[in-house]
Structure formats: C-alpha cells, structure tokens
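FYI, the numbering just counts along the sequence from 1. Bear in mind that the values here come from a model prediction, so they are computed numbers and not experimental data.
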Amino acid sequence: MDDVALRSIVHYSLFTSCKQEDDKVEIVPARHWVEKKVAVVAPLGDAATKTRLERTADWFLENFREAQLIDTLAIRLQIEWHDELSEDLTQLSETLAGRDDIVAIIGPFANENVAAFAPACMRTQKPLIAPTATSEEIIRRYAVTTNGLNTNDKPFLWSLTASDVELASLLMSDYATICQAYTTEKPNAIVFAIDNTYGKTFTDWAPFFAQNYGIELLENQTIQKADDFQKYMMEMSEGTEVGAAFDITSATFMAVETTQMLYDIARIRRQLLVNRYGTKVFASADAFAKENDSFWQLFERLYRSYFAFSGLSEESLEALGADAPRILQGYQGFSPYADPSTGFEMSYQTRFGVLPTFTDF
C-alpha cells in the first residue's frame with residue numbers, strides 16, 4: 001500500500017466509526033460538537049416561574065440535541081442563568097454584551113428591564129431576544145436607528161410578541177363593535193395604565209384609538225398602585241362625569257404590572273359599582289357575596305372590563321386565592337402566550353400537565 005493510500009485511510013477513519021448489529025456493519029460519520037453558550041435573564045426569584053423556565057429549557061436542550069444526532073457538526077448549547085429580580089441589570093448587561101463566549105441573550109422579561117439591557121447590546125450588536133417585551137417605545141427605539149455616537153445599522157433586538165399599540169387597538173375596537181350592537185349612544189371609556197415604560201404605550205395611544213373608534217375618553221390616567229385607581233374613580237364619582245363613569249355604555253381599560261394589582265383593582269371596581277347600583281342591579285348589597293356573581297357576570301357584558309398584562313400565569317392566579325375566579329369573571333384582555341397554531345401549547349400541556357408559562361384569561 002503506498003503512502004498516499006495509507007494517508008487516505010487514516011484521514012477517513014478520523015471521521016467515521018463502525019457499529020455492528022446482527023452481523024450488519026454500518027459506517028456512521030463521527031460527530032464533532034461545538035460548544036455555544038446563551039445567557040437567560042429571567043425572573044428566577046419567583047419560584048413558579050423558575051420551575052417553568054428551567055423545565056422548558058431542559059426540554060428544548062433535549063430536543064435540540066436529538067435533532068442533531070445525524071449531523072457531523074453539532075452544537076452543544078449551554079444556558080447560563082441570571083435573575084432579573086435581584087441582579088444589577090445595567091452592570092449585567094455590560095458584562096454579558098461584552099463577552100465573546102455568549103452568542104445571544106434571552107430576556108429580560110419585564111419591559112423596564114429590557115430597556116435597561118438594550119443599550120449595551122446595541123453597542124456590541126449582541127442578539128437580545130425579548131420574549132415578553134411589548135412596549136412600543138422600546139421596540140421602536142432599538143430598531144435600526146442612530147442615537148448619537150452609536151449607529152444601530154443591523155437589527156439586534158428580537159421582540160417575540162405583538163406591540164402594545166396593536167393590543168390597545170384591538171381592545172378598543174372590540175368594545176366599540178359591541179356597543180354598536182346594543183346602543184346608538186356614543187360609548188365612554190376610562191383608561192388606567194401603570195406609570196412606567198410598559199404603561200406608556202397605552203396612555204400615549206388611547207386618545208388616538210378612542211377617536212378612531214368613536215369612543216368618548218373620559219379619563220386617561222397613569223397609576224402606581226391599585227389605590228390610585230380608587231382615588232381617581234372616587235373623584236369621577238364626585239364630579240360631573242358621575243353618570244358616565246358608571247354607565248352601561250362605559251368600559252374600563254387597564255394596563256397593569258402584576259396579577260395582584262389586577263385583582264385589587266377588580267375588587268375596588270366591584271365595590272364601587274355595587275355601592276352605586278345596590279340591589280337595583282345586584283342581589284346583595286355585599287359586593288363580594290356569592291349571590292352577586294351571576295348578576296356581576298351579566299353586568300360585565302355591558303359594563304366591560306379590559307386588561308393588558310405581560311406576566312399572567314396560572315400560578316399567579318392561583319396565588320390570589322379561591323375567590324379570584326369569582327372576582328375576575330367577565331374580565332378580558334391580553335397577555336403574551338404561545339401561538340396555538342404552532343402546537344406548542346398542546347405539546348407543553350401533554351408533557352407537563354399545565355399550560356405554558358403565560359396564560360390566557
């Protein structure tokens with residue numbers, strides 16, 4: 001055997017291995033694994049969220065590895081976890097964006113935290129995948145643009161959900177369409193949004209969509225906590241808009257930050273409305289009596305309640321207690337959720353026995 005032939009055999013053997021089963025010899029290409037690392041910045045301080053994200057990540061890594069078992073060049077993906085609830089996000093963003101071993105960053109999940117991460121990632125063009133960032137301002141600001149010394153001429157921010165501009169439009173158009181079915185009067189609406197980057201989209205766009213859909217916008221307020229909602233509603237009750245604020249052709253739109261805040265506002269609304277209408281509409285003067293539930297459900301078909309919330313989950317609803325489904329019945333709105341057409345929802349529920357991380361309501 002000449003030297004050239006010998007070298008060819010040695011070279012070929014470096015990339016193949018033999019497997020023998022039942023006297024059959026199969027030549028299998030040797031697999032070369034390349035290590036890659038992704039950083040995940042998520043609310044790991046919340047135990048339920050941590051459990052969900054980690055098992056979803058393990059499931060993905062398992063599928064990702066199995067999908068490459070016939071490839072000669074494969075990627076072994078590693079995940080590096082960081083808690084957005086406890087770490088210094090400005091410092092963390094600078095560190096992760098500058099690390100060569102990090103190929104991409106998933107998260108943070110809160111809109112405010114994405115805003116803190118984006119500047120560092122824009123400078124280094126580190127891919128930033130934001131699972132639940134819906135703020136129109138964030139998405140627009142970090143699109144292909146120029147901001148002083150830094151030119152973002154390539155997309156780096158991957159937002160995986162629809163913008164809150166679209167959600168605000170859908171909520172108001174739904175209300176306007178329903179009102180056309182049962183009244184010729186011009187419908188009224190009040191808007192309350194959390195006073196931060198997330199809520200800003202709703203307060204900025206509410207006047208435009210209200211005018212576009214023929215809705216009289218009575219209030220467009222930012223709030224810090226549920227008690228602020230009660231204060232503004234009481235002020236409306238004492239003013240000239242008392243009738244309109246609680247009329248059946250009026251809707252309440254809320255952009256909230258936590259499930260607890262949504263629940264607290266729901267309790268305040270129920271108390272205020274029962275105080276106003278009493279037994280003329282409800283079965284009991286006790287706002288939270290179970291006898292009022294059927295009346296409340298009927299009432300909510302006319303006096304509608306809409307919400308937008310980027311962090312709704314089954315666990316957060318369960319944490320409110322047994323009365324939460326009764327108090328929140330009739331509410332409708334949006335929260336980021338898996339696209340049902342992908343089949344992920346069914347696969348996740350089959351595997352883990354619960355719906356995906358963020359749930360519809």
Side chain Glu137, main chain Thr197, donor-acceptor under 3.5 Å: no

Met346-Phe344 co-clustered via ILVMFWY side chain contacts under 4.5 Å: no

Within-4.5 Å side-chain heavy-atom neighbours: Val40 and Leu53: no

Using atom types as modelled and distance alone, determine if a side-chain donor or acceptor of Ser284 lies under 3.5 Å from a backbone N or O of Asn292. no

For side-chain contact (heavy atoms from CB on, under 4.5 Å), just list the numbers for Met261 and Phe307, CA-CA rounded to whole Å, side-chain angles, deciding distance to a tenth of an Å, and then say yes or no. CA-CA 11 Å; Met261 187 176 188; Phe307 74 89; over 6 Å; no

Assign the ring pair Phe208 / Trp205 to parallel, tilted or perpendicular, where the plane angle (0 to 90°) is split at 30° and 60°. perpendicular

Report, as yes or no, whether the 6.0 Å neighbourhood of atom CH2 on Trp59 holds more than 12 heavy atoms from other residues, nucleotides or ligands. yes

If Ile, Leu, Val, Met, Phe, Trp and Tyr residues are connected whenever their side-chain heavy atoms lie under 4.5 Å apart, and connections chain through other members, are Ile105 and Ile139 in the same group? no

With side chains defined as the heavy atoms from C-beta onward, is the minimum distance between Thr252 and Phe229 less than 4.5 Å? yes

Closest approach of Thr203 and Asn220, non-hydrogen atoms and distance? O-ND2, 2.9 Å

Minimum heavy-atom separation for Thr259 to Leu317, with atom names? CG2-CD2, 3.7 Å

State, to 0.1 Å, how close Glu84 and Ala110 come at their nearest heavy-atom pair, and which atoms those are. OE1-N, 3.4 Å

What I want to check is whether the side chains of Glu136 and Ser163 have a donor and an acceptor closer together than 3.5 Å. no

Using modelled atom types and a 3.5 Å cut-off, is there a donor and acceptor pairing between side-chain atoms of Glu54 and backbone atoms of Thr51? no

For Phe288, is the NZ or CZ atom of Arg270 found under 6.0 angstrom from the centre of its six-membered ring and inside 45 degrees of the ring axis? no

Which heavy atom in Leu217 sits nearest to a heavy atom in Ala210, and how many Å separate them? CB-CB, 4.1 Å

Ignoring hydrogens and angles, tell me if any N or O in the side chain of Gln68 forms a donor-acceptor pair with the backbone of Ile75 under 3.5 Å. yes

If you count the non-hydrogen atoms of other residues, nucleotides and ligands that lie under 6.0 Å from CD in Glu80, is the total more than 12? yes

For Thr134 and Asp164, does a side-chain donor sit closer than 3.5 Å to a side-chain acceptor? yes

Any side-chain to backbone donor/acceptor pair from Asp195 onto Gln224? Under 3.5 Å, distance only. no

Under-4.0 Å salt bridge between Asp101 and Arg99: yes

Report the distance from atom CE of Met172 to atom OH of Tyr213, rounding to the nearest 0.5 Å. 10.0 Å

At what distance, to the nearest 0.5 angstrom, does CG of Asp58 lie from CD1 of Ile79? 7.5 Å

For Asp228 and Lys225, indicate whether the former's side chain and the latter's backbone hold a donor-acceptor pair under 3.5 Å. yes

Is Arg55 atom CZ crowded by more than 12 heavy atoms from other residues, nucleotides or ligands, each under 6.0 Å away? yes

Does Glu66 offer a backbone N or O that forms a donor-acceptor pair with the side chain of Asn63 under 3.5 Å? no

Do you reckon Leu218 sits in the same ILVMFWY cluster as Ile223, going by side-chain contacts under 4.5 Å, direct or chained? yes

Are any non-hydrogen side-chain atoms of Val103 and Pro127 less than 4.5 angstrom apart? no

Between Leu96 and His82 the two heavy atoms that sit nearest each other are CD2-NE2, 3.8 Å

Rounded distance (nearest 0.5 Å) linking atom CD of Gln271 with atom CD1 of Ile327: 10.0 Å

Measure the spacing between CD1 of Ile194 and CE of Met254 and express it to the nearest 0.5 Å. 12.5 Å

Keeping Asn111 on the side-chain end and Ser135 on the backbone end, is there a donor-acceptor pair under 3.5 Å? yes

Of all heavy-atom pairs between Ser86 and Asp83, which one has the smallest distance, and what is that distance? OG-OD2, 3.1 Å

Are Leu85 and Val114 co-members of a hydrophobic cluster defined by side-chain heavy atoms under 4.5 Å apart? no

Quick check for you: to the nearest 0.5 Å, what is the distance between Arg351 atom CZ and Thr56 atom OG1? 9.5 Å

Are the side chains of Ile129 and Val38 in touch, meaning some heavy atoms are under 4.5 Å apart? no

Do side-chain atoms of Gln78 reach the backbone of Glu35 as a donor and acceptor pair under 3.5 angstrom? no

Should Tyr348 and Arg52 be marked as a side-chain contact (heavy atoms from CB on, under 4.5 Å) after you check the CA-CA gap, both sets of side-chain angles, and the distance that decides it? CA-CA 11 Å; Tyr348 190 98; Arg52 282 177 170 268; 3.7 Å; yes

Backbone N/O of Gln91 and side chain of Glu94: donor-acceptor pair under 3.5 Å: no

Check whether any side-chain heavy atom of Tyr263 sits under 4.5 Å from a side-chain heavy atom of Asp323, and report yes or no. yes

Hey, could you give me the CD1/CD1 distance between Ile190 and Ile215, rounded to the nearest 0.5 Å? 12.5 Å

